[in-house]
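Computed from a predicted model, the values in this text were never measured in an experiment. When a residue number appears, it is its place in the shown sequence, counting from 1.
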Amino acid sequence: PVLIIHGMKDTTVDITHGMALYQAIPKEYKRTPWWVPNRGHNNVCQGKEQRQEYIRRLKHFLNHLEKADDDNDDNDNDLMDYGAGCNLCMVLPE
């Protein structure tokens, strides 16, 4: 599964790159992206409300990964057995 979070005002990596990446994700791995309004490259979780929303979305995504892995425990398999590795890149405020 893939979750994309991208600031809409990113001048380092233009949002079109995030959108193209999203379009390239196979349908079964797509999750609703978060195109963050009024944010750039390293400030998507700047400010209390924005940070809370960032954490909420990450928790939601990670909880679904954990549930999917738990559902596969009966088969003694995990997400990695299906080639659905988890790549997570986060930039948190200092």
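- Residues passing the side chain to side chain contact (heavy atoms under 4.5 Å, CB included) test with T16 are D14, sequence neighbours excluded.
- No side-chain heavy atom of D10 sits under 4.5 Å from any side-chain heavy atom of I15.
- Under the 4.5 Å side-chain criterion, counting only non-hydrogen atoms from C-beta, K9 is in contact with N38.
- For K59, the side chain to side chain contact (heavy atoms under 4.5 Å, CB included) partners two or more places apart in sequence, or in a different chain, are I55, N63.
- Of all heavy-atom pairs between F61 and P1, the closest is CZ-O, 3.6 Å.
- Residues meeting the side chain to side chain contact (heavy atoms under 4.5 Å, CB included) test with R57, sequence neighbours left out: W34, E53.
- In this structure, P33 and L3 have side chains that are not in contact, with every pair of non-hydrogen atoms separated by 4.5 Å or more.
- A 4.5 Å side-chain heavy-atom check between R56 and Q52 finds every atom pair outside the cut-off.
- Side-chain contact between I4 and I25: present, with at least one pair of heavy atoms (C-beta onward) separated by less than 4.5 Å.
- The neighbour count for E49 CD, taken as heavy atoms of other residues, nucleotides or ligands under 6.0 Å away, does not exceed 12.
- The minimum heavy-atom distance between V44 and Q50, with the atom names listed, is O-CG, 2.8 Å.
- Of the possible polar contacts, one joining the H6 side chain to the V13 backbone as a donor-acceptor pair under 3.5 Å is found.
- Of all heavy-atom pairs spanning H64 and H60, the tightest one is ND1-O, 2.8 Å.
- At distances below 3.5 Å, at least one donor-acceptor pair connects side-chain atoms of R39 with backbone N or O atoms of Q46.
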